[in-house]
Trainee: 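One structure coming up, written as structure tokens, with questions to follow.
Letters go in sequence order (proteins before strands), and every chain restarts at 1.
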Amino acid sequence: MKTSAFHLVTQREVPADAEIVSHQLMLRAGMIRKLTSGVYTWTPLGLRVLRKVEQVVREEMDAAGCLEMLMPSVQPAELWQETGRWEDFGPLLLKMADRAGREFAFGPTHEEVITDFARGEVRSYKQLPICFYQIQTKFRDEIRPRFGVMRAREFLMKDGYSFHLDDDCLGRFYQLMYTTYSRIFERLQLHFKAVTADSGAIGGAVSHEFHVLADSGEDLIAHVPESSYAANVEQAEAVAQGERAAATEALRLVDTPNARSIADLVEQFQQPIEKTVKTLVVAASDEADTDFIALLVRGDHELNAIKAEKLPAVAAPLRMASEEEIRKAIGAGPGSLGPIKLPIPCVVDRQVALMSDFSAGANIDGKHYFGINWERDLPLPEVCDLRNVVSGDPAADGSGTLELIRGIEVGHIFQLGSKYSEAMNAVVMDESGRGIHPAMGCYGIGVSRIVAAAIEQNHDDKGIIWPEPMAPFDVVVLPMNAKKSHRVRELADQLYGQLKSAGLDVLLDDRPLRPGVMFADAELIGIPHHLIIGDRGLDTGVVEYRRRGGEGREIPVEEIIGWFEQVKAARA
RNA sequence: CGGAGCGUAGCGCAGCCUGGUAGCGCACCACAAUGGGGUUGUGGGGGUCGGGAGUUCGAAUCUCCCCGCUCCGACCA
């Protein structure tokens with residue numbers, strides 16, 4: 001490709017509303033343009049990168065025996081009503097109607113469509129196991145789109161769905177997808193981590209997320225550096241540390257008129273924060289015989305909403321009670337709540353169950369109890385894992401101490417089981433002629449998000465530094481002062497042709513620009529290999545080679561093609 | 001969804017308070033010089049000032065309504 005025939009529009013200035021570096025660089029390099037909130041056009045330059053990522057994903061999925069197909073992005077409401085997700089998916093689902101008033105959704109995922117497809121096509125165990133996948137545009141009406149294509153509403157996703165006669169087969173295939181995903185991210189040269197995860201709205205039991213590690217990541221991951229343990233904080237089990245010490249203080253009711261928060265309590269009464277307890281009031285589920293439930297975590301800990309929602313007595317989604325509701329149910333305001341004489345049921349975190357001589361609200365405005373001890377002052381309520389893990393906690397598998405890091409979720413695999421095949425009555429005959437609901441797995445990769453995640457991990461102050469497998473061009477030829485120098489122009493043309501013939505994606509910057517502009521553009525758009533051709537080098541028969549983000553050297557003209565063939569061979 | 005802010009040329013912004021010819025930088029076009037790190041000069045094109053209504057002799061500017069976009073928050077009691 002010659003720059004003069006390409007659409008290269010770079011910007012020097014940082015766009016005002018781009019927060020993170022990948023968003024800024026994608027805009028400055030001219031890879032994407034925003035059409036409306038969370039919806040982006042991919043320019044020819046950006047699309048080249050997207051296609052390269054796609055291709056790696058496609059090759060590895062094919063290698064694992066999966067079959068590519070393409071499903072519609074517009075899906076009829078009836079399909080979603082069959083599984084109940086027309087309602088359950090909530091406002092994330094973009095709904096629309098046709099001229100006759102029939103309702104549709106723009107697909108945010110395709111479990112319903114693939115299951116509908118399978119119930120029509122897959123009838124016999126002899127067809128199993130089978131895995132279909134597609135690379136397709138999805139739409140999720142995110143509450144707050146941000147960070148460019150990182151959290152966009154419209155995005156490109158690879159989604160795959162497997163069907164199995166039994167859970168064992170599903171488990172084996174899931175392992176294959178796990179290694180396939182690992183290989184994909186290795187090939188893309190991304191620094192990533194696989195973590196156990198909550199399966200969220202998609203449903204199912206076993207699930208792993210693949211995260212590209214970056215400080216700008218929206219997810220928190222708990223891992224043990226010296227072991228393989230890694231889990232999303234949403235899901236990581238919090239293990240209580242130590243044993244309950246014997247009581248040493250007497251229970252006493254203290255006036256705390258100005259203490260409305262844990263921080264106040266710590267500051268005004270010199271209570272160590274590890275000796276305080278927070279009482280959070282949440283709505284109860286329909287099956288509970290109460291309207292509200294109190295959840296207790298240690299003062300310096302955070303309630304984990306996902307864990308809380310899993311309690312049968314707690315309403316899902318989690319809803320915190322309003323101050324008004326709290327006053328009505330308990331007779332005191334938030335800030336003065338605690339387990340003693342609490343008129344509503346209460347569940348305590350594992351760590352809280354091990355506390356002694358602790359303080360908490362007295363359920364009387366402006367009063368707290370200090371020196372509280374379980375069993376002595378009140379019976380120990382139901383104990384559960386309710387909190388987020390924190391750095392320094394022991395890992396649930398006993399393999400060491402947890403550290404928290406940030407990640408960008410780029411892949412997610414699930415064992416769904418028969419949730420969808422049952423809901424939609426997809427039936428396959430087994431060997432004995434009995435109809436069974438096949439076990440399913442589902443496997444997603446955020447293709448467009450990978451592009452942004454790669455930039456978060458690979459950039460410098462000059463711009464993007466693409467991992468070679470996803471670079472828009474492998475090599476750029478930069479002729480210095482080609483307008484005036486015949487031999488520069490001729491050698492540039494010649495090398496351009498030869499590199500192309502050698503099978504490389506090569507860009508020839510044939511614009512009549514100052515060298516500085518050409519260098520700056522080549523660096524901004526992150527092309528891995530730069531060849532600089534100028535009269536200065538030609539006097540001694542060399543061209544200058546520079547590795548983006550690395551070292552430069554001079555290479556004799558006649559060795560260039562051979563050298564690049566080596567580069568290419570090393571990559572394959 | 002709650003709070004805040006912003007919409008003026010492709011991008012970044014000034015002008016608005018105090019109503020009176022719509023500006024600056026970058027980008028773009030032309031010419032010239034320059035020619036190994038975003039060079040310089042001269043000339044030029046480009047605007048329903050987000051939309052509508054109102055006040056006024058006169059509105060980018062004041063008032064009201066609508067739309068769009070961005071940021072913060074949406075669990076800590």
Trainee: Only one of A/Val277, A/Ile364, A/Asn363, A/Ile344 passes side-chain contact (heavy atoms from CB on, under 4.5 Å) with A/Leu337; say which it is.
Mentor: A/Asn363

Trainee: With rounding to the closest Å, how many angstrom separate the C1' atoms on B/rG43 and B/rC57?
Mentor: 39 Å

Trainee: Side-chain N or O of A/Lys462 less than 4.0 angstrom from OP1 or OP2 on B/rG38?
Mentor: no

Trainee: Is any side-chain nitrogen or oxygen of A/Thr279 closer than 4.0 Å to OP1 or OP2 of B/rC76?
Mentor: no

Trainee: Could you give the distance separating B/rC17 and B/rU63 at their P atoms, to the nearest angstrom?
Mentor: 9 Å

Trainee: With a 3.5 Å limit on both atom pairs, tell me what B/rC31 is paired to, counting Watson-Crick and G-U wobble, or say none.
Mentor: B/rG41

Trainee: When rounded to the nearest 0.5 angstrom, what is the spacing between CG in A/Leu318 and CE in A/Met320?
Mentor: 6.5 Å

Trainee: Could you tell me if the ring centre of A/Phe564 sits under 6.0 Å from that of A/His529?
Mentor: yes

Trainee: Between B/rU70, B/rG35, B/rC26, which nucleotide gets closest to the side-chain atoms of A/Arg514?
Mentor: B/rG35

Trainee: Hey, could you give me each pair passing ring pair (Phe, Tyr, Trp, His ring centres under 6.0 Å) that has a residue in residues 335-361 of chain A? Not counting sequence neighbours.
Mentor: A/Phe358-A/Trp374

Trainee: Do A/Arg146 side-chain and B/rU70 base share a donor-acceptor contact under 3.5 Å?
Mentor: no

Trainee: Is B/rU56 paired to anything, Watson-Crick or G-U wobble with both distances less than 3.5 Å, and if yes, which nucleotide?
Mentor: none

Trainee: Rounded to whole Å, how long is the line connecting atom CG of A/Leu513 with atom C1' of B/rU34?
Mentor: 13 Å

Trainee: How far, in whole Å, is B/rG47 from B/rA4 if one measures between their C1' atoms?
Mentor: 29 Å

Trainee: Would the distance check show the side chain of A/Thr36 and the main-chain N or O of A/Val39 forming a donor-acceptor pair, the cut-off being under 3.5 Å?
Mentor: no

Trainee: Between B/rG50 and B/rC67, how far apart are the two C1' atoms, rounded to whole Å?
Mentor: 7 Å

Trainee: Tell me what A/Ala16 touches on the nucleic acid: a base, only sugar-phosphate, or nothing, going by heavy atoms under 4.0 Å.
Mentor: sugar-phosphate

Trainee: Would you please name every residue forming a side-chain contact (heavy atoms from CB on, under 4.5 Å) with A/Ala315, sequence neighbours left out?
Mentor: A/Ala283

Trainee: Are A/Ser37 and B/rG68 close enough that a side-chain N or O sits under 4.0 Å from OP1 or OP2?
Mentor: no

Trainee: With sugar-phosphate meaning primed atoms plus P, OP1 and OP2, does A/Thr36 contact a base, only sugar-phosphate, or nothing at under 4.0 Å between heavy atoms?
Mentor: sugar-phosphate

Trainee: If we take the P atom in both B/rG44 and B/rC6, what is their distance in whole Å?
Mentor: 36 Å

Trainee: With rounding to whole Å, what would you report as the distance between B/rU56 and B/rU61 at their C1' atoms?
Mentor: 13 Å

Trainee: A/Glu309 near the nucleic acid: base, sugar-phosphate alone, or nothing, with a heavy-atom cut-off under 4.0 Å?
Mentor: nothing

Trainee: So for A/Asp521 and B/rG38, does any side-chain atom that can act as donor or acceptor lie under 3.5 Å from a complementary atom in the base?
Mentor: yes

Trainee: Consider the side chain of A/Asn481, meaning its heavy atoms from C-beta on, and name the nucleotide among B/rC26, B/rC75, B/rG35 that approaches it most closely.
Mentor: B/rG35

Trainee: Between B/rG36, B/rC71, B/rA77, which one does the side chain of A/Pro515 approach most closely?
Mentor: B/rG36

Trainee: What's the closest nucleotide to the side chain of A/Arg12 if the choices are B/rC75, B/rG25, B/rG38?
Mentor: B/rG38

Trainee: Would you say A/Arg144 places a side-chain N or O within less than 4.0 Å of OP1 or OP2 belonging to B/rA74?
Mentor: no

Trainee: When the C1' atoms of B/rG7 and B/rG45 are compared, how many Å lie between them, rounded to an integer?
Mentor: 25 Å

Trainee: Looking only at N and O atoms, is any donor in the side chain of A/Gln11 or the base of B/rG10 less than 3.5 Å from an acceptor on the other one?
Mentor: no

